[in-house]
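Lettering follows sequence order; numbering is per chain, from 1. In what follows, every heavy atom counts, from backbone to side chain, and hydrogens, waters and symmetry copies are set aside.
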Amino acid sequence: MRDGTATRHEAAALLRWYDRAARVLPWRVGPADRAAGERPDPYRVWLSEIMLQQTTVASVKAYFDRFTTRWPDVGALAAAEDAEVMAEWAGLGYYARARNLIACARQVAQAGAFPDTLDGLRALPGIGAYTAAAVAAIAFDRPETVVDGNVERVVSRLFAVQDPLPKSKPTLARLAATLTPQQRPGDFAQAMMDLGATVCTPRNPRCADCPLEGFCAARAQGIAAELPRKTPKAPKPTRRGIAYVAFRADGAPLLETRPPKGLLGGMPGWPGTDWSDDPDPAPPIPADWTILPGVVKHTFTHFHLELTVALAHLPQDAAPERGDFRPGFDPTALPTLMRKVHDHADAASGDLFAPRKRD
DNA sequence: CAGCCGTGGGC
DNA sequence: TGCCCAAGGCT
């Protein structure tokens with residue numbers, strides 16, 4: 001039977017593994033650093049946790065380095081222009097995170113410091129149950145229970161929880177709380193997530209390398225790889241549309257800023273039709289549009305998209321009904337879908353593509 | 001509260 | 001290839 005003694009053993013075993021095997025990450029203060037007196041920087045912990053929401057460590061690293069180089073503290077980030085931050089976030093996805101990041105930074109800068117309690121953190125924009133617990137535990141050494149997808153998987157196996165996600169979430173969170181130690185809660189949280197990311201993986205878990213193998217009910221029953229069970233998800237529909245790529249004579253692209261909420265909210269993009277079964281093809285300006293061969297395919301969380309790309313060159317005095325010309329615009333500031341459209345126009349249009357510096 | 005919200009990598 | 005998945009939050 002599981003009792004306080006068993007859970008203390010589990011936490012201790014996991015922390016021993018972490019002390020030996022912890023990955024070196026740019027935002028992490030490892031055990032050796034901590035022994036040398038280094039403390040986690042709440043700004044860096046917060047920024048990393050926002051970036052890591054539903055996003056892999058491998059994807060986050062370069063963004064984290066660029067953000068912390070450009071904006072070393074929360075005051076610097078709070079003082080940045082919205083468009084600068086959105087451009088730096090471009091490609092990372094879930095753009096509401098970037099909008100909330102800006103709002104949160106400004107609140108914290110105004111207050112003078114990050115709150116150091118779960119409730120104080122939870123009240124900030126973009127910080128939910130997971131992130132509040134992670135920052136409280138990692139940055140402020142509070143014994144909060146951090147529950148992300150990794151922890152849910154580890155705990156579902158450790159206790160052989162058969163109920164499927166997401167229904168089992170409350171149960172898994174309760175069970176996770178029974179494991180959280182009073183000492184080193186931040187290292188424990190990171191150890192649980194490291195374990196889920198590197199050992200207790202969704203498929204082909206490496207149970208032989210797991211520090212909790214002896215405690216794991218699913219392992220004992222031989223069903224670790226089958227857990228956690230999940231309710232099947234709905235199939236994704238396919239939507240279609242047209243993206244209109246236009247350049248003015250001076251090379252300035254015709255772009256528009258998308259509405260602040262919703263898909264790709266607040267990000268720049270090419271004007272286009274709606275995305276549906278039967279889009280209305282109205283272009284943003286009458287012109288000699290060339291329909292490029294091929295389509296741009298992109299998959300969002302809940303639908304597939306196939307965009308046809310139309311290209312035109314416009315005179316210097318063109319007055320489009322939608323969007324505005326942006327001289328010197330850097331395509332890396334586009335979200336990935338719009339970047340794909342740009343690259344497709346570049347690749348598929350041959351001589352038609354602009355801007356061409358010719359006489 | 002279930003649907004919405006990106007993207008890239010692994011298998 | 002197509003599907004699954006990832007250190008979730010908001011409404």
Next item on the list: Could I get the full list of side-chain hydrogen bond (donor to acceptor under 3.5 Å, both in side chains) partners for A/Y130, not counting sequence neighbours?
Entry: A/E49

Check: Within the modelled atom types, does a donor on one side and an acceptor on the other bring the side chain of A/R97 and the base of C/dA7 under 3.5 Å apart?
Finding: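 By the distance-only test, no, there is no pair.
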
Using atom [atom1] of each nucleotide, how far apart are [N] and [M] to the nearest Å?
N: B/dG8; M: C/dG9; atom1: P; result: 22 Å
N: C/dC5; M: B/dC5; atom1: C1'; result: 16 Å
N: B/dC1; M: C/dG8; atom1: C1'; result: 15 Å
N: C/dA6; M: B/dG6; atom1: C1'; result: 12 Å

Check: Considering only heavy atoms, which members of residues 296-304 of chain A lie under 4.0 Å from some atom of DNA chain B?
Finding: A/H298, A/T299, A/F300, A/T301, A/H302

Next item on the list: Check DNA chain B against residues 85-96 of chain A and give the residues with a non-hydrogen atom under 4.0 Å, in numerical order.
Entry: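 Here the set is A/G91, A/L92, A/G93, A/Y94, A/Y95.
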
Note to self: Please identify the 5'-most and 3'-most nucleotides of DNA chain B with any atom under 4.0 angstrom from a heavy atom of chain A.
What the structure shows: B/dC4 to B/dG8

Check: Across the strands shown, which category fits A/R28 at heavy-atom distances under 4.0 angstrom: base, sugar-phosphate, nothing?
Finding: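 Base contact - A/R28 has a heavy atom under 4.0 Å of at least one base atom.
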
Notebook entry, point to check: Do you reckon A/F329 sits in the same ILVMFWY cluster as A/L314, going by side-chain contacts under 4.5 Å, direct or chained?
Noted result: no

Below 3.5 Å is the cut-off: list the nitrogen or oxygen pairs between protein and nucleotides 9-11 of chain C, distance only.
from   : atom 1 : to     : atom 2 : distance (Å)
C/dG9  : OP1    : A/G128 : N      : 2.9
C/dG9  : OP1    : A/T131 : N      : 3.0
C/dG9  : OP1    : A/T131 : OG1    : 2.7
C/dG9  : OP2    : A/A129 : N      : 3.4
C/dG9  : OP2    : A/Y130 : N      : 3.2
C/dC10 : OP1    : A/G126 : N      : 2.7

Note to self: Test of understanding: with ring-ring contact (aromatic ring centres under 6.0 Å, His included), list the residues that count as partners of A/H344, not counting sequence neighbours.
What the structure shows: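 Applying ring-ring contact (aromatic ring centres under 6.0 Å, His included) to A/H344 gives none.
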
